[in-house]
J.: 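Input: one structure, supplied below.
Values reported hereafter were calculated over all heavy atoms of this structure, with side chains retained and with hydrogens, waters and symmetry mates removed.
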Amino acid sequence: MKESISEQTKGRLCIIATALLWGLAGVCVKSIPWNSISIMASRCGIGIIMFAILRKSFRIKFNRYTLFGAVMMSITGILYMMSIKLTTAATAIVLQYTAPIFVFLYAVLFQKRKAKLTETLIVLMVFGGCVLSFIDELDPTKMLGNILGLLSGVSFAAQIIGFSDKRADSNDGMYLSNIISFVFCVPFMFFDKNMAFSGEILFWVLVLGIFQYGLANIFYAKGCQIINKIETSLLLTIEPVFNPIPVLFVTGELPGPLALIGFVIVIGGVTLYGVLPVLEKKYKKIL
């Protein structure tokens with residue numbers, strides 16, 4: 001019994017570590033003057049090396065289902081990086097975290113799943129939070145960042161759907177995604193007018209590649225094998241809550257009041273959607 005509790009604790013600590021490390025994306029991207037595509041290339045280059053060391057091989061096996069998930073993961077990363085550059089880090093991450101709602105909408109619209117009233121209300125709640133995040137800043141540049149952030153939520157949902165297919169291999173897909181992103185993004189580095197190197201820039205690049213991405217995904221893979229999906233999804237909501245904090249301390253960036261309200265509504269809605277199955281089971285037992 002004690003051994004089981006110990007394993008569960010290790011799993012939770014791995015997912016908490018994942019959320020905190022993923023939450024460093026905002027401060028890293030804001031601190032590197034390169035364009036978002038160049039930053040993505042550097043992150044994925046380091047990621048390829050780390051995954052290869054972990055896998056003890058540069059070889060990869062994949063099918064069309066794994067490829068689909070990998071492409072969606074690559075698109076998600078690029079859109080998210082672009083979004084952070086164009087809007088606040090808090091808005092970018094909270095819009096990406098709308099992914100579970102898009103997965104739900106996909107199930108309802110294309111898989112003919114019957115929507116429950118509670119689920120519909122949560123979707124409307126999250127939609128309202130997104131609207132507040134959008135209208136907080138009507139500046140065209142930030143609006144574009146908001147749109148890209150929301151699109152990263154859509155592609156993230158497609159990634160989840162793709163990797164949920166039993167014929168897909170998420171581990172191979174994650175590795176393949178790094179290769180796809182690196183091959184696509186690295187040519188843009190040669191045309192980046194903001195490309196510069198200093199001790200500080202290299203520090204943030206290494207933090208982004210080694211810790212925010214490489215080490216975080218290692219923790220994520222390990223944690224997912226120990227604890228269930230619901231607990232994992234709930235613990236991962238630490239990421240959007242933590243993400244803006246280091247950004248605030250390093251850059252002084254702070255979202256507007258409406259965006260903060262929208263932030264709370266979206267995270268609250270997504271969290272509620274995650275615990276809904278557990279709440280429904282407990283409610284049925286009481287009845």
Side-chain angles (χ1 to χ4, degrees), residues 6-31 43-44 46-47 50-51 54 73 76-77 79-81 83-84 88-103 126 129 133 149 152-153 155-157 159-160 163-164 170-171 174 177-178 204 206-250 253 255 260 262-276 278:
S6 176
E7 280 298 304
Q8 288 293 311
T9 301
K10 286 179 183 177
R12 293 184 187 112
L13 289 174
C14 281
I15 297 302
I16 290 170
T18 299
L20 293 174
L21 289 171
W22 277 353
L24 294 173
V27 68
C28 289
V29 174
K30 293 287 186 182
S31 300
R43 186 180 85 160
C44 291
I46 296 171
M50 290 193 68
F51 276 115
L54 183 67
M73 187 176 186
T76 299
L79 289 173
Y80 178 52
M81 290 288 184
S83 178
I84 294 175
T88 63
T91 303
I93 187 61
V94 78
L95 289 174
Q96 189 186 65
Y97 261 73
T98 56
I101 303 303
F102 287 116
V103 173
V126 171
S133 295
S152 77
S155 60
F156 190 18
Q159 172 191 322
I160 293 168
F163 283 149
S164 295
S170 57
N171 289 322
M174 197 175 293
S177 171
N178 279 269
W204 287 113
L206 291 174
V207 169
L208 182 69
I210 296 173
F211 296 99
Q212 189 277 331
Y213 192 68
L215 191 59
N217 285 323
I218 291 171
F219 279 133
Y220 178 68
K222 188 173 182 180
C224 284
Q225 293 174 348
I226 300 174
I227 63 176
N228 62 55
K229 291 180 180 179
I230 293 176
E231 191 170 6
T232 297
S233 63
L234 291 177
L235 288 174
L236 285 177
T237 56
I238 294 171
E239 181 195 354
V241 175
F242 173 71
N243 189 298
I245 296 173
V247 177
L248 174 62
F249 281 109
V250 175
E253 178 185 271
L260 286 173
F263 178 92
V264 173
I265 291 173
V266 171
I267 296 302
V270 171
T271 303
L272 186 59
Y273 180 75
V275 299
L276 198 59
V278 177

J.: Report yes if the side chains of Val266 and Thr98 come closer than 4.5 Å at any heavy-atom pair, otherwise no.
T.: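 Yes; the side chains approach each other to less than 4.5 Å.
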
J.: Can you confirm whether Gln212 sits close enough to Leu20 that some side-chain heavy atom of one is under 4.5 Å from a side-chain heavy atom of the other?
T.: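 Side chain of Gln212 against side chain of Leu20, heavy atoms only: no contact under 4.5 Å found.
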
J.: Looking only at non-hydrogen atoms, find the nearest pair between Val247 and Lys30 and report the distance.
T.: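 Looking at all heavy atoms of both residues, the shortest contact is CG1-CG, 4.3 Å.
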
J.: Is any side-chain heavy atom of Leu79 closer than 4.5 Å to one of Ser155?
T.: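 Of all side-chain heavy-atom pairs linking Leu79 with Ser155, at least one is under 4.5 Å.
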
J.: Under the side chain to side chain contact (heavy atoms under 4.5 Å, CB included) rule, what do Phe211 and Leu206 come out as? Steps first, then yes or no, please.
T.: CA-CA 8 Å; Phe211 296 99; Leu206 291 174; over 6 Å; no

J.: Could you tell me which non-hydrogen atom of Gln159 sits nearest to which non-hydrogen atom of Met73, and how far apart they are?
T.: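 Closest approach of Gln159 to Met73: OE1-CA, 3.2 Å.
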
J.: Verify the neighbour count for atom OH of Tyr220: are there more than 12 heavy atoms of other residues, nucleotides or ligands below 6.0 Å?
T.: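 12 or below, so no.
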
J.: Between Ala90 and Ile93, which heavy-atom pair has the shortest distance, and what is it?
T.: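 That closest heavy-atom pairing would be O-CG2, 3.2 Å.
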
J.: For the atom pair CD1 (Ile84) and CG (Asn243), what is the distance rounded to the nearest 0.5 Å?
T.: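 Here the rounded value is 6.5 Å.
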
J.: Rounded to the nearest 0.5 Å, what separation is found between the OG1 atom of Thr88 and the CG atom of Leu248?
T.: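 Thr88 atom OG1 to Leu248 atom CG measures 11.5 Å (nearest 0.5 Å).
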
J.: Go through Leu54 and Ile218 one step at a time and tell me if the side chain to side chain contact (heavy atoms under 4.5 Å, CB included) criterion holds.
T.: CA-CA 9 Å; Leu54 183 67; Ile218 291 171; 3.7 Å; yes

J.: Rounded at 0.5 Å granularity, tell me how far CG in Leu215 sits from CD1 in Ile210.
T.: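 Leu215 CG to Ile210 CD1: 9.5 Å, rounded to 0.5 Å.
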
J.: So do Asn171 and Phe51 actually touch side chain to side chain, heavy atoms under 4.5 Å?
T.: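 No, side chains not in contact.
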
J.: How close do Gln96 and Thr76 get, heavy atom to heavy atom, and via which atoms?
T.: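 Scanning both residues completely, I find the closest heavy atoms to be NE2-CG2, 3.3 Å.
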
J.: Measuring from atom OG1 of Thr18 to atom CG of Asn217, what distance do you get when rounded to the nearest 0.5 angstrom?
T.: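 Output value for this atom pair is 7.5 Å.
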
J.: Does the side chain of Tyr213 come within less than 4.5 Å of Asn178's, by heavy atoms?
T.: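 Yes. Closest side-chain heavy atoms under 4.5 Å.
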
J.: Pair Trp22, Phe242 - check ring-ring contact (aromatic ring centres under 6.0 Å, His included), show working.
T.: CA-CA 9 Å; Trp22 277 353; Phe242 173 71; over 10 Å; no

J.: Which heavy atom in Tyr80 sits nearest to a heavy atom in Ser152, and how many Å separate them?
T.: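 What the structure gives for the nearest pair is N-CB, 4.0 Å.
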
J.: Between atom CD1 of Ile267 and atom CG of Leu272, what is the distance when rounded to the nearest 0.5 Å?
T.: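 So the gap between those two atoms works out to 12.5 Å.
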
J.: Give the intermediate values and the outcome of side chain to side chain contact (heavy atoms under 4.5 Å, CB included) for residues Val29 and Arg43.
T.: CA-CA 10 Å; Val29 174; Arg43 186 180 85 160; over 6 Å; no

J.: Should Ile15 and Phe219 count as side-chain neighbours, where that means a heavy-atom distance under 4.5 Å?
T.: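 SC-SC contact between Ile15 and Phe219 ruled out.
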
J.: Roughly how far, to the nearest 0.5 Å, is SG of Cys44 from CE of Met50?
T.: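 These two atoms lie 13.0 Å from each other.
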
J.: For Pro240 and Tyr97, work out which heavy atoms get closest and say how close.
T.: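 It is CD-CZ, 3.7 Å.
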
